[in-house]
Amino acid sequence: MNGKRPFEDRVFGRFDAVDSSIRLINSFMHGMDERLQKLEIWAYDTKPIWERALKEIIETRRELSKRLDLIEAVVYKTLSDLSDVEDHLDRIDPKPTE
């Protein structure tokens, strides 16, 4: 065979190279799969955090709205009381008319 490897050895060598490449690809894919699983777990872990944050934002808006309504009511009550005081002062000490 003039120092060349026999045909069968070359074929089996190629099969070994293909097999090695397949193992390398499988190892790479396994690593990618593990990374993807970690990312999916992380995404599921952060979802409840965002849901709680959105719930708290909505609750804060509602509470703020209630407080603003209360402040508005106090302002209107104060204005009404001031109007009553002005009426009372006008009865006690009427303003001169021109």
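Worth knowing before you read on, the calculation uses all heavy atoms, side chains too, and leaves out hydrogens, waters and symmetry mates. Just so you know, residue 1 is the first one in the sequence shown, and it goes up from there.
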From [atom1] ([X]) to [atom2] ([Y]), nearest 0.5 Å:
{"X": "S21", "Y": "N26", "atom1": "OG", "atom2": "CG", "value": "11.0 Å"}
{"X": "E8", "Y": "F12", "atom1": "CD", "atom2": "CZ", "value": "7.0 Å"}
{"X": "T46", "Y": "I41", "atom1": "OG1", "atom2": "CD1", "value": "12.0 Å"}

Matching residue for R61 among I57, L64, I58 - test: side-chain contact (heavy atoms from CB on, under 4.5 Å):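 Only one option passes, and that is I57.
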Show every donor-acceptor pair shorter than 3.5 Å between a side-chain atom in residues 33-40 and any protein atom, with sequence neighbours excluded, or say none if there are none.
from	atom 1	to	atom 2	distance (Å)
D33	OD2	Q37	NE2	3.3
E34	OE2	H30	NE2	2.9

Which residues pass the side-chain contact (heavy atoms from CB on, under 4.5 Å) test with E63, sequence neighbours left out?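 Testing E63 for side-chain contact (heavy atoms from CB on, under 4.5 Å), a comparison that skips the adjacent residues, returns K66, R67.
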With a 4.5 Å cut-off on side-chain heavy-atom distances among I, L, V, M, F, W and Y, is there a chain of contacts connecting I49 to W42?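 Different hydrophobic clusters.
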If Ile, Leu, Val, Met, Phe, Trp and Tyr residues are connected whenever their side-chain heavy atoms lie under 4.5 Å apart, and connections chain through other members, are I22 and I25 in the same group? no
Please step through side-chain contact (heavy atoms from CB on, under 4.5 Å) for the pair D84 and S80, ending with a clear verdict. CA-CA 6 Å; D84 291 345; S80 175; 4.3 Å; yes
Report the residues that fulfil salt bridge (charged side-chain N to carboxylate O under 4.0 Å, His left out) with R23, sequence neighbours left out, ordered by chain and then residue number.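 Residues passing salt bridge (charged side-chain N to carboxylate O under 4.0 Å, His left out) with R23: D19.
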May I ask you to decide if L79's main-chain N or O and S83's side chain share a donor-acceptor pair within less than 3.5 Å? no
Is any side-chain heavy atom of H88 closer than 4.5 Å to a side-chain heavy atom of I92? yes
